[in-house]
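Scroll down for the structure; my scribbles are underneath it.
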Amino acid sequence: MKMGIIGYGGMAGWHRAKIDTIDGLEIAGVWDIDEAAREKAIEKGLTVYQSQEELLSQQDIELILVATPNDVHCSIAVAAMRAGKHVVCEKPVAMSSQELAEMWNVSKETGRFFTVHQNRRWDEDFLTVKKILDEHTLGDVYRIESRVHGSRGIPGDWRGQKEYGGGMVLDWGVHLLDQIMLLKEGTPLTHVYSWLTNVTNQDVDDGFTTMLTFADGLQVLVEVGTSNFANLPRWYVLGDNGTAILNDFKPRGEIVRAQGMNETDIVPVQTAAGLTKTMAPRRDDTIFHEELPKVESDVRDFYNNVMDVIENGAEPIVKLPQVMKVMKLMEMIFESARTGEAIACDL
Ligand code: NAD
């Protein structure tokens, strides 16, 4: 299958390197509005077209990757589908749920497959948490905390500008929220409460915290920070029969369980204000450390699935109803942060 790329920047380079290792898929050419980016593509031995229209008029190109900044995803994806191409769009799919609705309608109208590159569904940290939940390893899970922390502020490119769809909710939030909504697929989200941060940038959010409540009572905290000089763990998952801690993306971490609820199972702590037993650490012999379960993942399955959908009518992995839910959730995060109120929903 021949694919064209529109927008040949950092992420398109990642796609090119991956696609080089995928059987049955090849890059036929690229278009970018920036001359330096076009030259980079030529250096990599790629065909560069003179315009978006020229690329979209190539009969042998079946699939288009949209890898531009977020503000032009919608117009480019729509033009590509109207030119008869299937489309993979980078995340976040669009600037709003309204734009996504337009893209979805054009996909239905033209019969072209349209999906979104939610590649962090293949991250091992996420798949480890998914396995822990699927296998009920921690008993009933009552709280999940998912965080990514950086310390260099928001990048200085278009990500810092609202008109291009910058900001960390759209940039990283979209991945973390997609992961949570997948973990809870089938259970409605009922409440959203959020804060944004503007530490290094006033135009867009350079981080956020959101607290989500699901209909089964599960509480979820999702946080993206870019001025965090000491990181909290990537995941912290609490069940009534254990706690999982995943410190990083690798993931390094452990499952911790405990035995015994008596006062004799702890080592009382004497603080200046008095003795505490409730918040005291356990005796070593009442606490058990287990390894995290192992998972395997190959992010190339994203493109293998795209080809399978187009050629054989397979079920897409990244489905538009899922993408729409995350888009609406991001809109609620902005709304909650703006009003300072929790938003009740049924998502
Ligand atoms: P980038 O700035 O490195 O590259 C964007 C390129 O698009 C630039 O070369 C620019 O000249 C070009 N461009 C801008 N407008 C265009 C237009 N109208 N037509 C053709 N080309 C145009 O940005 P990036 O980091 O590569 O991000 C691109 C997209 O990929 C964004 O949507 C971003 O959110 C997404 N992304 C996804 C991941 C992921 O893990 N899935 C990671 C990074 C970026």
Side-chain angles (χ1 to χ4, degrees), residues 118-150 172-194 207-225 228 230-262 265-267 269 278-299 301 317 322 326 329:
Q118 291 296 159
N119 51 328
R120 292 201 175 274
R121 291 186 182 193
W122 281 267
D123 272 357
E124 287 173 8
D125 59 279
F126 163 67
L127 292 172
T128 303
V129 170
K130 185 167 187 318
K131 192 170 165 74
I132 287 171
L133 294 191
D134 288 348
E135 295 178 357
H136 216 66
T137 310
L138 305 179
D140 286 335
V141 169
Y142 58 91
R143 187 175 175 90
I144 299 176
E145 300 185 4
S146 165
R147 293 182 170 87
V148 288
H149 287 163
W172 265 94
V174 69
H175 287 301
L176 270 47
L177 298 164
D178 180 63
Q179 292 175 341
I180 295 295
M181 294 305 272
L182 265 189
L183 292 177
K184 293 305 290 172
E185 202 158 38
T187 308
L189 174 70
T190 60
H191 291 87
V192 178
Y193 180 69
S194 315
F208 72 95
T209 303
T210 190
M211 282 174 276
L212 311 175
T213 311
F214 286 85
D216 59 0
L218 179 78
Q219 306 166 347
V220 178
L221 180 148
V222 177
E223 182 170 274
V224 174
N228 296 59
N231 287 6
L232 290 174
R234 171 72 188 85
W235 293 90
Y236 183 53
V237 186
L238 297 156
D240 59 4
N241 189 30
T243 299
I245 188 156
L246 284 72
N247 291 309
D248 50 29
F249 289 109
K250 279 197 180 327
R252 282 177 289 216
E254 62 177 349
I255 290 172
V256 180
R257 296 183 201 281
Q259 207 172 46
M261 301 289 250
N262 296 325
D265 297 319
I266 50 106
V267 185
V269 174
T278 312
M279 296 303 162
R282 286 185 157 268
R283 273 201 347 255
D284 282 350
D285 60 325
T286 71
I287 198 137
F288 305 97
H289 300 268
E290 293 171 19
E291 281 185 13
L292 294 169
K294 297 273 174 281
V295 295
E296 280 183 12
S297 136
D298 186 347
V299 71
D301 287 347
I317 294 178
Q322 298 170 333
V326 174
L329 172 52

Can you check side-chain contact (heavy atoms from CB on, under 4.5 Å) on M211 and V192, steps first, answer last? CA-CA 6 Å; M211 282 174 276; V192 178; over 6 Å; no
side-chain contact (heavy atoms from CB on, under 4.5 Å), that's the test. Do F208 and V222 meet it? Break it down for me. CA-CA 8 Å; F208 72 95; V222 177; 4.2 Å; yes
Given I180 and F214, is the side-chain contact (heavy atoms from CB on, under 4.5 Å) satisfied, shown in steps? CA-CA 11 Å; I180 295 295; F214 286 85; 3.9 Å; yes
Can L221 and Y236 be said to form a side-chain contact (heavy atoms from CB on, under 4.5 Å), step by step? CA-CA 10 Å; L221 180 148; Y236 183 53; over 6 Å; no
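Within the cation-pi definition used here (under 6.0 Å to the ring centroid, within 45° of the axis), R120 qualifies as a partner of F249.
Looking only at side-chain heavy atoms (C-beta outward), L138 and N241 stay at 4.5 Å or farther from each other. Residues I245 and W235 form no side-chain contact, since every pair of their non-hydrogen atoms from C-beta on lies 4.5 Å or further apart. Two residues are said to be in side-chain contact when any heavy atoms from C-beta on lie closer than 4.5 Å; L238 and V141 fail this criterion. Within the 4.5 Å cutoff, side-chain heavy atoms of P293 are placed close to those of I132. Looking only at side-chain heavy atoms (C-beta outward), L189 and T213 stay at 4.5 Å or farther from each other. Annotation: side chain of Q179 is not in contact with side chain of V129 (no heavy-atom distance under 4.5 Å). Taking 4.5 Å as the limit, every side-chain heavy atom of E254 sits out of range of all side-chain heavy atoms of F288. The shortest distance between side-chain heavy atoms of T209 and S194 does not fall below 4.5 Å.
E185 and Q322 share a side-chain donor-acceptor pair at under 3.5 Å. H149 and N231 are not linked by any side-chain donor-acceptor pair at a separation below 3.5 angstrom, with hydrogens and angles left out of the test.
Minimum heavy-atom separation, A258 to R282: CB-NE, 3.2 Å. The two residues R121 and L127 come nearest to each other via the heavy atoms O-CD2, 3.5 Å.
The residues D248 and K250 are annotated as not salt-bridged, no charged nitrogen and carboxylate oxygen being separated by less than 4.0 angstrom. Note on D125 versus R234: salt bridge recorded, some NZ/NE/NH1/NH2 to OD/OE distance being below 4.0 Å. Comment: R147 engages E145 in a salt bridge, judged by a side-chain N to carboxylate O separation of less than 4.0 angstrom.
No more than 12 heavy atoms of other residues, nucleotides or ligands sit less than 6.0 Å from atom NZ of K130. Heavy atoms of other residues, nucleotides or ligands lying less than 6.0 angstrom from CG of D284 number 12 at most.
Partner of I255 under the side-chain contact (heavy atoms from CB on, under 4.5 Å) criterion, chosen from T243, V237, L292: L292.
Side chain of N228 to main chain of A230: no donor-acceptor pair is present (N/O by atom type, distance under 3.5 Å, no hydrogens or angles). In this structure a side-chain-to-backbone donor-acceptor pair under 3.5 Å is missing from D178 to V174. Between the D240 side chain and the D140 main chain, a donor and an acceptor come within less than 3.5 Å of each other. Checking side-chain atoms of T187 against main-chain N and O of A215 turns up no donor-acceptor pair under 3.5 Å. Put simply, the side chain of T128 gets close to the backbone of E124: a donor and an acceptor are under 3.5 Å apart.
Separating the CD atom in Q118 from the CG atom in L182 is a distance of 8.5 Å, to the nearest 0.5 Å.
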